[in-house]
There are 2 protein chains.
Amino acid sequence: MRLSDSIESFIKAMLNDESDEVELKRNELAEYFQCAPSQINYVLATRFSPDHGYLTESRRGGGGYIRIVRVVESGSQRLMYLINERIGDSLSEEECVRLISQLKEQQIITADEATLMAASVSTRAMGIPIPDALKNSLRARMMKSMLMSIAARNRT
Amino acid sequence: MRLSDSIESFIKAMLNDESDEVELKRNELAEYFQCAPSQINYVLATRFSPDHGYLTESRRGGGGYIRIVRVVESGSQRLMYLINERIGDSLSEEECVRLISQLKEQQIITADEATLMAASVSTRAMGIPIPDALKNSLRARMMKSMLMSIAARNRT
DNA sequence: ACTCTGTTGGTCAAAGATAGTCAGAGTTGT
DNA sequence: ACAACTCTGACTATCTTTGACCAACAGAGT
């Protein structure tokens, strides 16, 4: 069995026992598995990425930690579909607006949230000197990031 | 538990009990927490800054003190200040997060909105190949755009 | 008033404690 | 053999805590 797989199972077991959320110390975990601390990052990157349905946050320095939140299976089907399939690498402002208004119609987000999301991807917000292609790729990333956070909060 | 967090909680508890204002002795507090006096300054700088919604004043010498005041502003005042003065042409992710969480504490935005805003300016969302300076200028624009949309809806 | 001295708080740099990144070496499946 | 995946270590970034030295203020003594 690969080390990465063991660490993955270990973390998933913790997630099952406790809740949809777990907090750990990178160094402790590395110590436990007798491996380099950066191995933990590798596992997080390859098995607990947003694409895999997880969100992670961390803090460095004294009392630092890594927190992993499971979004998979709890976020609505619709959101996961958008994140994983519908939204690709690029999204125009018009497409964003269309998606946002659909989500509002389906009552997945509130009207206020829709306004907020639209404001963030608006032409006005994006007024920096970069090619349109980059702006649209940025919009896609922003939308995924926001939808991911909505999926996270919708978990029961 | 981090020392800084304990001290932060301690001070916030005092603020809740009494009023929007609290006065303390740096040395006494340091004595109480068994730490270097300058630790208190660190806590003030990292958790009670204007961006966090607090003002501090102090006096040295005999009878010296540190006074911490929680700033109370109306939502629209706060938003206007942020849009017109605080946020300039550039804002780091950390600054964004700080401002957002402060808006949440002052109940100008909901927790869900805070999460959404933070997601939109996150490093994850900004993962396109442009210089950091541009990313921060983009963050500033996005924040202003989002705050303006909130200000608009708040006008009743 | 002026100065001296004790009592406070302020600053800053260094040390300590964590986590992140990335290139390259090692391993495995086809 | 080749490509993809795994693992490590050196270097970096960030957050916390401490300590040495500095600055300001009050009150006593002159």
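Nothing here was measured: the structure is a model prediction, and the numbers come from that model. Order of the sequence lines fixes the chain letters, A, B, ..., with proteins taken first and strands second; residue numbering starts at 1 for each chain.
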Inset, instruction - Taking B:S120 for its side chain and B:M117 for its backbone only, find out whether a donor-acceptor pair lies under 3.5 Å. - result: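 Yes, B:S120 side chain to B:M117 backbone: donor-acceptor pair under 3.5 Å.
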Legend entry - Atom CD of B:E57: over 12 foreign heavy atoms under 6.0 Å: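 Above 12, so yes.
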Inset, instruction - Spell out protein contact along nucleotides 13-20 of chain C as letters: B when the base is contacted, S when just the sugar-phosphate is, - when no protein heavy atom is under 4.0 Å; keep the 5' to 3' order. - result: ----BBBB
Legend entry - Toward the 5' end of DNA chain D, by each residue's nearest nucleotide, A:S4 or B:R2: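 By nearest-heavy-atom nucleotide position, the 5'-most residue is A:S4.
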Inset, instruction - On DNA chain D, check which nucleotide each of B:R47 and A:A36 is closest to and give me the residue with the more 5' one. - result: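 Closest to the 5' end, via its nearest nucleotide, is A:A36.
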Inset, instruction - Would you please name every residue forming a salt bridge (Lys or Arg N to Asp or Glu O under 4.0 Å) with B:R124, sequence neighbours left out? - result: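 B:R124: no salt bridge (Lys or Arg N to Asp or Glu O under 4.0 Å) contacts found.
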Inset, instruction - Only counting residues at least two apart or in another chain, list the ones meeting salt bridge (Lys or Arg N to Asp or Glu O under 4.0 Å) with B:R86. - result: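 Only B:D51, B:E95 meet the salt bridge (Lys or Arg N to Asp or Glu O under 4.0 Å) criterion with B:R86.
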Legend entry - Span of DNA chain D in contact with chain B (heavy atoms, under 4.0 Å):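 Contacts span D:dC15 to D:dA26, reading 5' to 3'.
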Legend entry - A:R78 and A:Q106 side chains, donor-acceptor separation under 3.5 Å: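 Side-chain D/A pair, A:Q106 to A:R78: present.
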Inset, instruction - May I ask you to say what B:R67 touches in the nucleic acid, namely base, sugar-phosphate or nothing, with a heavy-atom cut-off under 4.0 Å? - result: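 The answer is nothing, as B:R67 stays clear of every strand by at least 4.0 Å.
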Inset, instruction - Identify whether any heavy atom of A:I40 sits under 4.0 Å from a base atom; if not, whether one sits that close to sugar-phosphate; answer base, sugar-phosphate or nothing. - result: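 No contact.
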Inset, instruction - Quick one: closest heavy-atom pair of A:V71 and A:A151, and the distance? - result: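 Heavy atoms of A:V71 and A:A151 come nearest at CG1-CB, 3.4 Å.
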Under 3.5 Å, side-chain donor or acceptor atoms of residues 24-32 of chain B against the rest of the protein: list the pairs with distances, not counting sequence neighbours.
residue	atom	partner	partner atom	Å
B:K25	NZ	B:G64	O	3.1
B:R26	NH1	B:N41	OD1	2.6

Inset, instruction - Figure out the OH/C1' separation between A:Y42 and C:dG24, and round it to whole Å. - result: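 Rounded to whole Å, this separation is 14 Å.
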Identify all side-chain donor-acceptor contacts of residues 2-13 of chain A below 3.5 Å with residues at least two apart in sequence or on another chain.
residue	atom	partner	partner atom	Å
A:S4	OG	A:Q39	NE2	2.9
A:D5	OD1	A:R47	NH2	2.6
A:S6	OG	A:R2	O	3.2
A:E8	OE1	A:R47	NE	2.9
A:E8	OE2	A:K12	NZ	2.9
A:S9	OG	A:D5	O	2.8

